[in-house]
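We number each residue from 1, following the sequence as shown. Just so we're clear, the structure is a prediction, and the values are computed from it rather than from any experiment.
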Amino acid sequence: MRFPEGFLWGAATAAYQVEGAVEGRGPSIWDTFSHTPGKVDNGDTGDVAVDHYRRFRSDVALMADIGLKAYRFSVSWPRVLAGDLDFYASLVDELLGHGIMPVLTLYHWDLPQELEDAGGWTARDTAARFADYAAVVAARLGDRVPLWTTLNEPWCSAFLGYGSGLHAPGRTDGAAALAAAHHLNLAHGWGVQALRAALPSDAQVSIALNPHAVSPADDSADAVEAARRIDAVGNRVFLGPLFRGGYPDDLMLDTLAVTDWSFVRDGDEAAIGAPIDVLGINYYSTAVVEGFGPRVEPSPWPGSEHVRFAPVTGPVTEMDWGIDPGGLTDLLVGVHREYEVPLMVTENGAAFPDTVVDGAVSDPSRVEYLRSHVGAVHEAITAGADLRGYFVWSLVDNFEWSYGYAKRFGIVHVDYATQRRVWKDSAHWYREVIKANGT
């Protein structure tokens with residue numbers, strides 16, 4: 001399999017998961033959440049993480065050894081509020097010096113705690129503050145960063161953060177989750193406007209979503225209806241205003257008992273639909289729904305708390321997520337046909353238990369996972385999808401949100417006690433894929 005000339009091979013991380021160095025910035029909602037007993041496995045926090053803030057030069061050298069063409073990282077909003085953009089300027093310069101394209105994400109879940117105290121993503125002002133933040137970062141780094149992403153997985157921010165409470169800030173209110181989704185959408189739209197005003201004309205702007213690859217278990221009316229509902233609140237809540245001019249009518253009807261949507265004001269949906277250059281797709285697994293059952297509370301599915309998900313069958317990762325590379329092909333081809341937008345796979349990877357033996361890490365399950373999903377991307381391109389790049393999640397083992405350090409997604413192993421980095425076999429495999437521009 002050979003990929004198109006110029007196909008972008010990269011790896012991704014996020015600020016709170018890798019940087020550490022908390023003393024140089026204000027607190028985020030993930031600092032507060034992780035320091036709250038019982039919220040994160042083993043009481044783990046991102047205070048140190050993998051110390052990327054201090055070790056970025058050697059980490060960039062490691063990226064260059066692997067052969068990465070691009071590195072997708074996120075900026076810590078609390079760090080910028082504290083006046084520290086020098087770190088990101090130095091990181092960008094280091095990447096460019098090694099011939100690696102910087103791909104910058106403005107928001108990967110670490111909302112400044114002061115904004116959460118003022119209402120967080122349930123408050124309209126947070127979207128305005130995000131646009132201000134985007135303008136500040138663009139003014140400093142816009143001449144050197146060619147690809148900008150506003151938000152990473154706003155579904156998780158809204159529905160896991162404000163609906164189920166599994167993520168920071170840990171709130172459990174369906175109406176708040178829907179308001180947060182809208183204000184995240186609005187932050188994206190206003191952020192795009194701010195970026196366009198500050199960036200060179202050839203810079204590209206994107207958003208990274210994690211569309212739920214959901215399907216009915218059978219052709220029964222209940223299963224089909226359940227899948228429609230999850231597609232509405234899991235996918236089209238973002239894709240609708242981004243590409244179709246507004247929120248879908250069926251989503252509004254599904255959620256009438258939860259909210260009246262009065263937080264949507266005239267002009268909001270037009271702002272959210274500001275044109276983007278590429279859509280990021282994060283993919284890990286698929287979901288199957290069987291129909292309806294008892295309501296589950298708290299839920300990340302406001303208005304559809306009674307949808308029943310089928311048990312996962314077949315091989316799984318350590319996260320108990322089903323392994324389904326065909327689902328990635330179907331998702332990419334489906335999004336391409338429906339929305340006709342250039343795509344990148346901005347996250348894809350798997351957690352498996354890893355052990356260092358004689359200075360090496362054998363991870364055949366991850367190699368096979370990545371091999372099959374890279375193949376799925378190639379199938380999507382063959383089927384006509386306009387696909388520009390692929391980013392492994394993750395470059396290094398790191399703080400995996402509510403799982404703490406218990407789950408390892410990296411293609412590079414990190415000994416958290418010593419911060420020693422060791423290539424896994426998957427890193428060696430990925431190096432050969434990049435070198436060959438295929439497998």
Side-chain angles (χ1 to χ4, degrees), residues 77 106-107 111-112 115-138 148-159 161-163 171 173-199 205-209 211 228-229 231-280 300-304 335 338-341:
W77 191 350
L106 285 165
Y107 185 73
L111 185 71
L115 293 184
E116 174 60 26
D117 293 341
W121 286 114
T122 68
R124 186 179 182 87
D125 184 61
T126 303
R129 294 286 296 274
F130 176 81
D132 294 341
Y133 157 63
V136 168
V137 180
W148 294 69
T149 303
T150 53
L151 310 174
N152 180 80
E153 296 185 359
W155 185 87
C156 295
S157 298
F159 295 101
Y162 293 83
R171 294 164 66 175
D173 180 339
L178 290 165
H182 176 63
H183 294 135
L184 283 153
N185 278 333
L186 193 59
H188 162 76
W190 286 349
V192 168
Q193 293 174 9
L195 291 174
R196 297 289 190 205
L199 295 176
V205 176
S206 70
I207 184 172
L209 303 181
R228 181 203 61 75
R229 282 177 164 269
D231 179 55
V233 74
N235 298 334
R236 289 181 286 119
V237 65
F238 301 107
L239 291 166
L242 277 172
F243 299 113
R244 291 288 182 262
Y247 292 100
D249 291 341
D250 61 329
L251 171 66
M252 310 285 271
L253 289 172
D254 292 345
T255 56
L256 273 179
V258 181
T259 182
D260 61 5
W261 290 83
S262 59
F263 42 76
V264 180
R265 300 185 188 175
D266 289 347
D268 283 2
E269 289 160 309
I272 296 165
I276 58 175
D277 301 294
V278 63
L279 174 64
W301 311 106
S304 295
V335 171
E338 182 71 21
Y339 301 105
E340 298 181 340
V341 60

Test Asp277 against Arg196 for salt bridge (charged side-chain N to carboxylate O under 4.0 Å, His left out), laying out the working first.
CA-CA 11 Å; Asp277 301 294; Arg196 297 289 190 205; 3.0 Å; yes
Return the minimal non-hydrogen interatomic distance between [X] and [Y], and the atom names on each side.
X	Y	answer
Glu116	Trp121	OE1-N, 4.4 Å
Ala274	Val192	CB-CG1, 3.8 Å
Ala194	Ala131	CB-O, 3.5 Å
Gly234	Trp301	CA-CZ3, 4.0 Å
Ala181	Val237	CB-CG2, 4.3 Å
Ala118	Ala123	O-CB, 3.9 Å

Polar side-chain atom of [X] near backbone of [Y] as donor-acceptor pair, under 3.5 Å:
X	Y	value
Arg229	Gly303	yes
Ser206	Trp148	yes
Tyr133	Leu106	yes
Asp268	Asn185	no
His183	Ala127	no
Tyr339	Phe243	no

Does some side-chain heavy atom of [Y] sit less than 4.5 Å from a side-chain heavy atom of [X]?
X	Y	result
Leu242	Leu209	yes
Leu279	Ile207	yes
Ile276	His188	yes
Phe263	Thr122	no
Leu199	Val205	yes
Asp254	Val233	no
Arg236	Asp231	yes

Could you grab the distance from atom CZ of Phe130 to atom CG of Leu111, nearest 0.5 Å is fine?
10.5 Å
How many angstroms lie between atom CZ of Arg244 and atom CD of Glu338, to the nearest 0.5 angstrom?
4.5 Å
Over 60° means perpendicular and under 30° means parallel, so classify the ring planes of Trp77 and Tyr107, tilted if in between.
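Plane angle over 60°, so perpendicular.
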Are more than 12 heavy atoms, taken from residues, nucleotides or ligands other than Arg265, located less than 6.0 Å from that residue's CZ atom?
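Atom CZ in Arg265 is not crowded, with 12 or fewer foreign heavy atoms closer than 6.0 Å.
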Tell me, please, which residues at least two apart from Tyr247 pass ring pair (Phe, Tyr, Trp, His ring centres under 6.0 Å).
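Ring pair (Phe, Tyr, Trp, His ring centres under 6.0 Å) list for Tyr247, sorted by chain: His182, Trp261.
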Non-neighbouring partners of Phe159 that pass ring pair (Phe, Tyr, Trp, His ring centres under 6.0 Å), sequence neighbours left out
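Testing Phe159 for ring pair (Phe, Tyr, Trp, His ring centres under 6.0 Å), a comparison that skips the adjacent residues, returns Trp155.
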According to the salt bridge (charged side-chain N to carboxylate O under 4.0 Å, His left out) rule, which pairs have a member within residues 126-137, sequence neighbours left out?
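Residue pairs with at least one partner in residues 126-137: Glu114-Arg129.
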